[in-house]
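For reference, the structure is listed below as structure tokens.
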Amino acid sequence: MSNLPLIPFSATIHVRDRCLCLHAQRAARTLARRFDRVLKPFSLTNGQFSLMMSLNRPKPASLGSVATLLGMDRTTLTAALKVLERKGWITIAKGAEDRREKFLVLTAEGEGRLAAALPIWRATHEAIEGEMPQGEADRLRHGLNALGALD
């Protein structure tokens, strides 16, 4: 019987250094914590801010279009929407032609909350981009968009 490990430690180092998913998740968690801190005075999380911003449209957004934009499954999105609906920041309406379809709209209170938080989001975003080497934020966005298009 051999005492050799099934997976050599060199494989662990390789995954640690090369895994795009690991690096993206670590960066996403770091960014999420930073935005959660600055949005806390508005009783918003970064996820709620992004979700509400995705509803800031001239016409009501369909549940499916928001799920696609945010890369979320409909069940997870519906759970997040219920929290915002309970807070009075959004309304969820059934479609006039197809009652199974759902449309999402910011309420006046939701718009106010989003408008109050937006300057802090902008300032934080500018600070983060300023901490990155010149042009890296655009390169990162481009790379992440390319990965998102693979799905």
Side-chain angles (χ1 to χ4, degrees), residues 12-151:
T12 302
I13 300 302
H14 180 78
V15 169
R16 179 199 70 192
D17 294 345
R18 307 276 309 157
C19 182
L20 293 173
C21 189
L22 171 66
H23 290 279
Q25 288 174 334
R26 188 169 43 209
R29 288 184 193 106
T30 298
L31 288 170
R33 283 191 299 271
R34 189 156 174 185
F35 279 102
D36 281 345
R37 275 194 304 274
V38 301
L39 294 171
K40 189 173 184 171
F42 305 97
S43 299
L44 285 169
T45 66
N46 76 86
Q48 291 170 332
F49 177 87
S50 295
L51 173 49
M52 289 173 64
M53 189 57 75
S54 77
L55 304 182
N56 186 43
R57 306 175 184 200
K59 295 181 180 179
S62 71
L63 184 79
S65 70
V66 173
T68 299
L69 173 71
L70 298 176
M72 297 174 77
D73 64 78
R74 293 170 73 101
T75 303
T76 303
L77 176 58
T78 298
L81 290 168
K82 287 182 181 186
V83 172
L84 298 176
E85 186 179 37
R86 276 194 305 272
K87 290 182 176 194
W89 298 344
I90 67 159
T91 58
I92 303 172
K94 293 186 186 227
E97 296 171 17
D98 183 349
R99 303 295 289 162
R100 294 171 297 175
E101 196 168 32
K102 292 181 182 176
F103 289 93
L104 314 169
V105 179
L106 285 170
T107 64
E109 187 178 346
E111 283 183 357
R113 176 100 22 191
L114 202 54
L118 185 57
I120 298 302
W121 178 90
R122 281 186 172 135
T124 303
H125 204 274
E126 286 178 23
I128 291 168
E129 286 198 26
E131 294 166 12
M132 298 177 75
Q134 182 69 30
E136 285 300 307
D138 287 333
R139 287 186 58 216
L140 177 60
R141 268 188 290 275
H142 179 76
L144 292 172
N145 284 331
L147 284 173
L150 297 176
D151 193 18

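From a predicted model like this one, the values you see are computed outputs, not experimental measurements.
Put simply, the side chain of Glu129 never gets that close to the backbone of Glu126: no donor and acceptor are under 3.5 Å apart.
Residues Ser43 and Gln48 form no side-chain contact, since every pair of their non-hydrogen atoms from C-beta on lies 4.5 Å or further apart. Between Glu85 and Thr91, the closest side-chain pair of non-hydrogen atoms is not below 4.5 Å. Looking only at side-chain heavy atoms (C-beta outward), Lys102 and Leu81 stay at 4.5 Å or farther from each other. Residues Ile90 and Ile92 meet the side-chain proximity criterion, which asks for heavy atoms closer than 4.5 Å. You'll find the side chain of Leu63 stays beyond 4.5 Å of the side chain of Phe103, heavy atoms only. In this structure, the side chains of Arg37 and Thr124 stay at 4.5 Å or more apart for every pair of heavy atoms. Residues Phe49 and Phe35 fail the side-chain proximity criterion, which asks for heavy atoms closer than 4.5 Å. Considering only heavy atoms from C-beta on, Ile120 comes within 4.5 Å of Phe42 through its side chain.
Closest approach of Arg16 to His23, counting heavy atoms only: O-NE2, 3.0 Å. Of all non-hydrogen atoms in Ala117 and Leu44, the two that sit nearest each other are CB-CD1, 3.9 Å. For the residue pair Arg74 and Ala67, the shortest heavy atom distance occurs at CG-CB, 4.3 Å. Between Ala61 and Leu55, the shortest heavy-atom contact is CB-CD2, 4.1 Å. Of all heavy-atom pairs between Pro119 and Ala115, the closest is CD-O, 3.2 Å. Pairing each heavy atom of Leu39 with each of Asn46, the nearest pair is CD1-CA, 3.7 Å.
Within a 6.0 Å radius of CD in Glu131, more than 12 heavy atoms belonging to other residues, nucleotides or ligands are found.
Screening Leu106, Val66, Leu104 against Ser54 for a side chain to side chain contact (heavy atoms under 4.5 Å, CB included) leaves a single residue, Val66.
Under the 4.0 Å criterion applied to side-chain N and carboxylate O atoms, Asp138 and Arg141 are assigned as salt-bridge partners.
In summary, the side chains of Ser65 and Ser62 do present a donor paired with an acceptor at a separation below 3.5 Å, with no hydrogens or angles considered.
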